Amino acid sequence: MTGPREVLLQRRGPDEVLAVVDGEAVALGEGELAAFVARLEATGAGPRWVWDDTTRWYPSLLAAGVRVRRCLDLRLVHRVLRRAPGVDQDVLATAATAAWDELAPLSATAATAGSAGGGAEGLFDLHVHVTALDAAAEHAAQQAALAAVAGEQRGRLQLLLAAESAGALVAAEMTHAGLPWRADVHEALLARELGPRPPAGEPPAVLAALLARAREALGAPSLNPDSPADLLRALRRVGLVPPDTRSGTLSQLDHLAVVPLLEHRKLSRLHAANGWRWLREWVHDGRYRPDHLPGGVVSGRWAAQGGGALSVPAVLRPAVVADEGWRLVVADVAQLEPRVLAAVSGDADLARAAAGGDLYQGVVDSGAVATRSDAKLAVLGAMYGATAGSGGRMVEHLARRYPRAVEHLELAAAAGERGEVVSTWLGRGSPRPRGSWTQQAPDVPASEADLRERRSWGRFTRNFVVQGSAAEWAASWIALLREELWRLGADGPVEQRPHLVLFLHDEVLVHTPAALADDVVAAVRGAAERAGWLLYGEFPLTFPLDVHVGRSWADADGG
DNA sequence: CTGACTTGCGCC
DNA sequence: AAAGGGCGCAAGTCAG
């Protein structure tokens, strides 16, 4: 049985949903929606759901146990098309363009925090401001703009838009399922690092002792180590004049206060960022549920909101523990960005260096540099725009052996310095620069400040083409993986099958029944291989993964 | 008091 | 003389 190919959903009022099923309008109540979606999803391959914004539709469907296979997220598509260099903005424009520009995703964490003091918001209050947006009109304008893009470029953009929309589904499913988090393990780790949980408002015993030692060593009984100005004053009184108070700077100093200061800083950060308060605020019923925001970063990387989900410190990763009878599969791509650089620049030599699994070692073996750490410095320096120090010198060696890759970066940097837009492999455009330097011709003498900003923007566009292209490879990877994981599960909702629980730029965590862990490992590898083929076709490049299966993130993370 | 900015550091 | 990209978050600082 084949079902409809495309269904557009539009909210019309408090309990009024319009579904346009292959062009035919059907009116629904909000309460009928989940069953309606489930019924069509069960026909054939399922339709492509077209809606204004996944965060406004999918969470309630997931809560009702309904998963969809494909969607088109008009908000995300709009944002990509608005900046894509290949798109004719006149074709894309509608009367509502500015409103679509401003449409922001609904945040589950913000909604929860906001309703803590006030009453529960009605569901419709969250939707009311988008009933005015005409999804059908926007969809038509987007498709027209896409149709006007030249052939190969259009195909790539379509890949990007599909990956972006699939990412929106993954993001909602990850928040729905949550990252398994053992509060008891977390508390034991905090006790080990910081001492027993202190009474409210008091510092943990370990921090208090370290602070006392630092104050004693500096003869500054009221020192606030969190205040750079205060700390600099105290250091100056004992004859030390560091340029700043960063840890790396302080560690160069020869003074008794240094050790307790650095230890205090490290642990007070743990306490402030991921301490007992964090645990109470963010972990409920054994799950941590931040908001995941596909395309939340200009480069196309995902952002996250709520508890700093993308920087879970390594010491706390043992608290991420699979449920009883389940496992975590942790997979990360080795040296994703330089591999992507090889592909987007068409540098077959760099691809060959990557073929052995360790790209940096391959660079050494090619004779470009002498040691692996030099290779890493050179590659990272080229991608980030290092011009001085050992990084800068190493880049010159790299350029001799891999001219195409390095030239690709230099061209991106030069374009940025001219104020031009650069583009990722699939066609995501960089933002236009702002600032006084953009008003001047490059050959006119500029102020020091303008020159600095111009070079800084060049470093940004240099990195944009790599970071952004890597982000779209990774987005394709998880989109393909999501499909494979769904097929592995026999039945049941997303959270009862193998499912993604975290995505960290080039790393994924999958929560899976133990019996399926090996299948998940194969799926993760297969998806990476298919992503490479999907984006780069015949270009001979591998994406080796480090994959581990374990009970906790720490067990499964190379340990 | 709030809000904007700075400093510093966790992650990739 | 120094010169490295992207984030989120907490705490301090400072202006209004």
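Just so it is clear, the structure is predicted and the values come from calculations on it, not from any experiment. Letters go in sequence order (proteins before strands), and every chain restarts at 1.
Looking at A:E263 and A:R213, no side-chain N of the basic residue comes within less than 4.0 Å of a carboxylate O on the acidic one, giving no salt bridge.
Residues A:G308 and A:S299 each lie close to DNA chain C; by heavy-atom proximity, the contact nearer the 5' end of the strand is made by A:S299.
Counted by atom type alone, A:W302 and A:H505 present zero donor-acceptor pairs between their side chains at under 3.5 Å. In this model, a donor atom of one side chain and an acceptor atom of the other lie less than 3.5 Å apart for A:D358 and A:Q335. Using modelled atom types and a 3.5 Å distance limit, the side chains of A:D347 and A:H408 yield no donor-acceptor pair.
If you measure from atom CD of A:E193 to atom P of B:dG10, you get 13 Å, rounded to the nearest angstrom. What separates CH2 of A:W302 from C1' of B:dC12 is a distance of 15 Å, to the nearest Å. Protein atom CG of A:L504 is 17 Å distant from nucleotide atom P of B:dG10, rounded to whole Å. Note: NE2 (A:H505) to C1' (B:dG10) measures 11 Å, nearest angstrom.
Judged by atom type and distance alone, A:R301 reaches the base of B:dC12 through a side-chain donor-acceptor pair under 3.5 Å.
Taking the side chain as every heavy atom from C-beta outward, A:V363 and A:Y402 approach each other to under 4.5 Å.
For the atom pair CG (A:L426) and OG (A:S476), the distance works out to 6.0 Å, reported to the nearest 0.5 Å.
Geometrically, A:R156 engages A:W425 in a cation-pi contact defined by less than 6.0 Å to the ring centre and at most 45° from the axis.
You can see that DNA chain C meets the heavy atoms of chain A within a 4.0 Å-exclusive cut from C:dA3 to C:dT13, reading 5' to 3'.
Contacts of A:V466 with the nucleic acid, taken as non-hydrogen atoms under 4.0 Å apart, are absent. A:A309 comes within 4.0 angstrom of no nucleic acid atom, judged by non-hydrogen atoms across all strands. Across all strands shown, A:N224 has heavy atoms under 4.0 Å from sugar-phosphate atoms exclusively, and none from any base. Heavy atoms of A:L270 sit nowhere under 4.0 angstrom from any nucleic acid atom. No contact: A:G392 has no heavy atom under 4.0 Å from any strand. Across all strands, A:R459 comes closer than 4.0 Å only to sugar-phosphate atoms, never to a base (heavy-atom distances). Residue A:R462 is out of contact with every strand shown, counting any heavy-atom pair closer than 4.0 Å.
Comparing the same atom, P, in B:dT7 and in C:dA3 gives a spacing of 16 Å after rounding to whole Å.
Set against B:dC9, B:dC11, B:dT7, the side chain of A:T245 has B:dT7 as its closest nucleotide.
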